[in-house]
Amino acid sequence: MISGIRGTRDILPSEIGRWQHVERVAADVCARYGYCEVRTPVIEREDLFAKGTGESTDIVQKEMYAFTDKGGDRITLRPEATPSMVRAFVEHSLEQDLLFAKLYSLGPMFRYERPQKGRYRQFHQLDVEVFGLADPAIDGEVIDLAVTFVEELDIASAELVINSVGCGDCRPGYSAVLLEALGSRLPELCGDCQRRASTNPLRIFDCKVPADQPLIDGLPKSENFLCEACRDHFEEVKRHLEIYGHQYRVSHRLVRGLDYYTRTTFEIIGSSLGAQNALLGGGRYDHLVKQLGGPDRPGIGFAAGLERLVLELPDEKGSSGPADVFVVAFGQSTWSEARVLARDLRRAGFRTLIDYGERSSKSQMKRANRSNVQRMLILGEDELASNKVTIKEMETGHQETLPRDEVIGYLALHCQGVTL
RNA sequence: GUGAGUGUAGCUCAAUGGUAGAGCGCCGGACUGUGGCUCCGGAUGUUGCGGGUUCAAUCCCCGUCACUCACCCCA
């Protein structure tokens, strides 16, 4: 037996309904907000992520599935979608074609990490991106889309957290302020924090080591060090969230791990996910498009982890419901007609089951019962002779015999969600 | 990459240094034209894999793989 690869999973029939539900809501919400779906390849040139995601990030340094293909090119399985979306936007000059470059995509990403609750090596994201709009109104609308998406999935107790990480003008100054505030106490922090102090001081705020918290809590808050433009932008984003009536928490500790973020960052946190608790996260990236060789266009977007959303979905969501009808052949001579009947019902739009192997009527009915079907349609020799069928409702046990050409009419009345 | 815990039937789990059992599920029958309830019968395991200790290992030891959780990182 050859098993699946570590960190990958099979999504089985018992779970697929929940996935389809999440994907359907995602596509639906995006369409209502004016987003166009795009699908980009799962393989890209390694450079795209080195330049886009950032050479210094863990994702690029140690988590990419990268290889040399037969032509000698360095290829990688995409670890995130944003650089691909930027590439597609630039490569096809989409800003010429679209009134607004509002795009979304749904698909698998790959990172070589140790699997954990809500974290897999192949995982799936909804990726939402907007190019060319710097107005804080779009920040507000993107966040509103994210909140609406999570709400429409009926995910309870999700929390919206926002922050501004500033821009190229003010962030270096703030980093320096942080280092200065830490000063001689830096060695008191954990090893990771000391490493962060030299690579990206803001990320000290990500630290979860309990002993470090008092010192970190005392650090100067980013809000007080934003430049005027960034501060105004952030205030406007907050104003828009208030227009929409969304609850949010400002956390100066929300500093995201990717290099390209500027100004607005946000996350929606789930409640039952364990350590990997971000349902979705994103932010503004005003220099990424240019950095990847495109025109100087701002961008903003987020990625939502579908595994995590499926995990947080209420239990009853996405159950596909029982089939409409189970055709039971009573007697050896009725099988051919029973199969034609089942075929006709299927063509008429009803979810129809029928047994195989010419098993006894008893065992067919046991299967019908086990299949949780709503009703049996019994075709026996008596019915065959009179061109009728017997319909038995499983729940009540009520049954009646009616002419065969009235069956579809009967089912149309009694089945839900059928279009004829 | 680091740490901890766990791997026994399809599922949930027992068991003992002497080559494994229950419940649920599954299949059949009682009930040959009526499912669910009940009763009766039946099938299924290289005890994750490899090695070691031992007369003998599912149990003890080592390795490995997988899963789970946490670190790291992030969706």
Side-chain angles (χ1 to χ4, degrees), chain A residues 1-9 12 14 22 53 56-64 79-82 106-128 146 150 190-193 195-196 203 206-209 254-258 266-270 273-282 301-312 326 328-332 334 355 357 359-384 390-399 401:
Chain A
M1 176 55 197
I2 297 170
S3 58
I5 291 175
R6 179 167 209 193
T8 68
R9 331 188 305 129
L12 300 174
S14 60
V22 170
T53 307
S56 73
T57 60
D58 279 32
I59 290 178
V60 169
Q61 286 193 348
K62 51 190 194 195
E63 295 176 4
M64 291 211 295
E80 62 148 344
T82 302
L106 227 35
M109 307 294 154
F110 305 84
R111 290 182 201 169
Y112 191 86
E113 297 181 276
R114 195 79 172 259
Q116 189 178 331
K117 186 180 180 75
R119 191 175 78 181
Y120 304 95
R121 288 183 175 179
Q122 175 175 338
F123 59 104
H124 299 77
Q125 289 186 330
L126 163 68
D127 195 67
V128 171
V150 171
C190 68
D192 285 322
C193 283
R195 183 173 49 76
R196 288 166 182 143
R203 304 224 43 235
D206 273 341
C207 180
K208 292 175 196 158
V209 177
L254 178 65
V255 290
R256 299 181 47 75
L258 273 44
F266 62 97
E267 277 184 6
I268 293 182
I269 309 294
L273 286 165
Q276 310 301 322
N277 64 355
L279 288 171
L280 61 86
F302 69 86
L306 300 192
E307 278 80 1
R308 295 178 187 180
L309 292 166
V310 167
L311 232 41
E312 288 277 44
F326 197 114
V328 175
F330 260 38
Q332 296 291 307
T334 62
D355 206 354
R359 293 148 53 83
S360 72
S361 51
K362 165 80 69 181
S363 55
Q364 289 177 61
M365 285 190 292
K366 280 186 176 172
R367 288 199 176 190
N369 188 59
R370 189 153 44 86
S371 74
N372 207 23
V373 73
Q374 291 169 349
R375 60 191 61 76
M376 291 188 288
L377 215 160
I378 299 167
L379 187 65
E381 274 139 21
D382 295 349
E383 286 87 353
L384 202 55
T390 297
I391 292 185
K392 179 171 186 175
E393 294 293 331
M394 301 301 285
E395 186 98 357
T396 60
H398 172 78
Q399 70 179 55
T401 301

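The sequence lines fix the lettering, A, B, ..., with proteins before strands; numbering per chain opens at 1.
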Gap separating the CD atom of A:Glu381 from the CG atom of A:Leu384, nearest 0.5 angstrom: 7.5 Å
Looking only at atom P, what distance separates B:U58 and B:U19, rounded to whole Å? 10 Å
In whole Å, what is the span from the CD atom of A:Gln276 to the P atom of B:C72? 10 Å
With sugar-phosphate meaning primed atoms plus P, OP1 and OP2, does A:Leu258 contact a base, only sugar-phosphate, or nothing at under 4.0 Å between heavy atoms? sugar-phosphate
What string of B, S and - do you get for nucleotides 31-51 of chain B, 5' to 3', when a contact is any protein heavy atom under 4.0 Å? B-BBBB---------------
Scan the side chains in residues 107-115 of chain A for donor-acceptor partners under 3.5 Å anywhere in the protein, sequence neighbours excluded, and list what turns up.
residue	atom	partner	partner atom	Å
A:Arg111	NE	A:Pro79	O	2.7
A:Arg111	NH2	A:Pro79	O	3.0

Measure the spacing between CD1 of A:Ile391 and CG of A:Leu379 and express it to the nearest 0.5 Å. 11.5 Å
Could you pull out the protein-nucleic contacts involving nucleotides 5-10 of chain B (nitrogen or oxygen on both sides, under 3.5 Å)?
none

When rounded to the nearest Å, what value does the distance between C1' atoms of B:A4 and B:G50 take? 24 Å
With sugar-phosphate meaning primed atoms plus P, OP1 and OP2, does A:Arg375 contact a base, only sugar-phosphate, or nothing at under 4.0 Å between heavy atoms? nothing
Nearest-Å distance for atom pair CD/C1', residues A:Gln125 and B:C74: 9 Å
How does RNA chain B look in dot-bracket form if you count Watson-Crick and G-U pairs under 3.5 Å, write [ ] for pairs that cross, and put | where a base pairs with another strand? (((((((..((((....[..)))).(((((.......))))).....(((((..]....))))))))))))....
Carefully, step by step, assess A:Thr401 and A:Glu383 under the rule side chain to side chain donor-acceptor pair (under 3.5 Å). CA-CA 8 Å; A:Thr401 301; A:Glu383 286 87 353; 4.8 Å; no
Find the distance between OG (A:Ser363) and CZ (A:Arg370) and round it off to the nearest 0.5 Å. 10.0 Å
At a heavy-atom distance below 4.0 Å, what parts of residues 111-121 of chain A sit against RNA chain B? A:Arg111, A:Glu113, A:Arg114, A:Gln116, A:Lys117, A:Gly118, A:Arg119, A:Tyr120
Rounding to the closest angstrom, what is the interatomic distance between B:C39 and B:G23 at atom P? 11 Å
What is the distance, to the nearest angstrom, from the CD atom on A:Glu63 to the P atom on B:G1? 12 Å
Need one value for A:Ala368: base, sugar-phosphate or nothing, where a base atom within 4.0 Å counts as base even if backbone is also close, heavy atoms only. nothing
Do the non-hydrogen side-chain atoms of A:His124 and A:Glu307 ever get within less than 4.5 Å of each other? yes
Please tell me if the side chains of A:Met376 and A:Met394 come closer than 4.5 Å, counting only heavy atoms from C-beta onward. yes
Could you tell me the separation between the CG atom of A:Leu309 and the CG atom of A:Leu279, rounded to the nearest 0.5 Å? 5.5 Å
Say you pick atom P in B:G29 and the same atom in B:G36; how far apart are they, in whole Å? 12 Å
From B:G29, B:G28, B:A75, pick the nucleotide closest to the side chain of A:Arg359? B:G28
Using the P atom in both, what is the distance from B:G3 to B:C62, to the nearest Å? 15 Å
Under 3.5 Å donor-acceptor pair, A:Arg203 side-chain atoms to B:C73 base atoms: no
In whole Å, what separates the P atom of B:G25 from that of B:U32? 22 Å
Integer angstrom distance from the P of B:A9 to that of B:U46: 8 Å
Report the distance from atom CZ of A:Phe302 to atom P of B:A75, rounded to the nearest whole Å. 12 Å
Starting from P on B:U68, measure out to CD on A:Glu307 and report it in whole angstrom. 12 Å
What's the shortest heavy-atom distance between A:Ser361 and A:Phe330, and which atoms? CB-CE1, 3.2 Å
Would you please confirm or rule out a distance under 4.0 Å between OP1 or OP2 of B:C67 and any side-chain N or O of A:Arg6? yes
Flag, side chain of A:Arg359 to backbone of A:Gln364, donor-acceptor distance under 3.5 Å: no
Of A:Ser360 and A:Asp58, the one whose closest nucleotide on RNA chain B sits nearer the 5' end is A:Ser360
side-chain contact (heavy atoms from CB on, under 4.5 Å) against A:Thr396, all qualifying residues, sequence neighbours excluded: A:Glu393, A:His398
Rounded distance (nearest 0.5 Å) linking atom CD of A:Glu80 with atom CD1 of A:Ile59: 5.5 Å
Can you check side-chain contact (heavy atoms from CB on, under 4.5 Å) on A:Phe326 and A:Asp355, steps first, answer last? CA-CA 8 Å; A:Phe326 197 114; A:Asp355 206 354; 4.3 Å; yes
Given atom CG of A:Asn277 and atom P of B:C74, what is their separation to the nearest angstrom? 14 Å
Contact between A:Leu306 and A:Leu106 at the side-chain level, heavy atoms closer than 4.5 Å - yes or no? yes
First of A:Ala303 and A:Ile5 reached from the 5' end of RNA chain B, by closest nucleotide: A:Ile5
Quote, to the nearest angstrom, the C1' distance that separates B:C31 from B:U38. 12 Å
Measure the spacing between CZ of A:Arg308 and CD1 of A:Ile269 and express it to the nearest 0.5 Å. 9.5 Å
Minimum heavy-atom distance between A:Gly7 and A:Tyr120, given as atom pair plus value: O-CB, 3.2 Å
Report which part of the nucleic acid A:Gly270 touches: base, sugar-phosphate, or nothing (heavy-atom distance under 4.0 Å, all strands). nothing
Grab the CD1-C1' distance between A:Ile59 and B:G1 for me, whole Å please. 16 Å
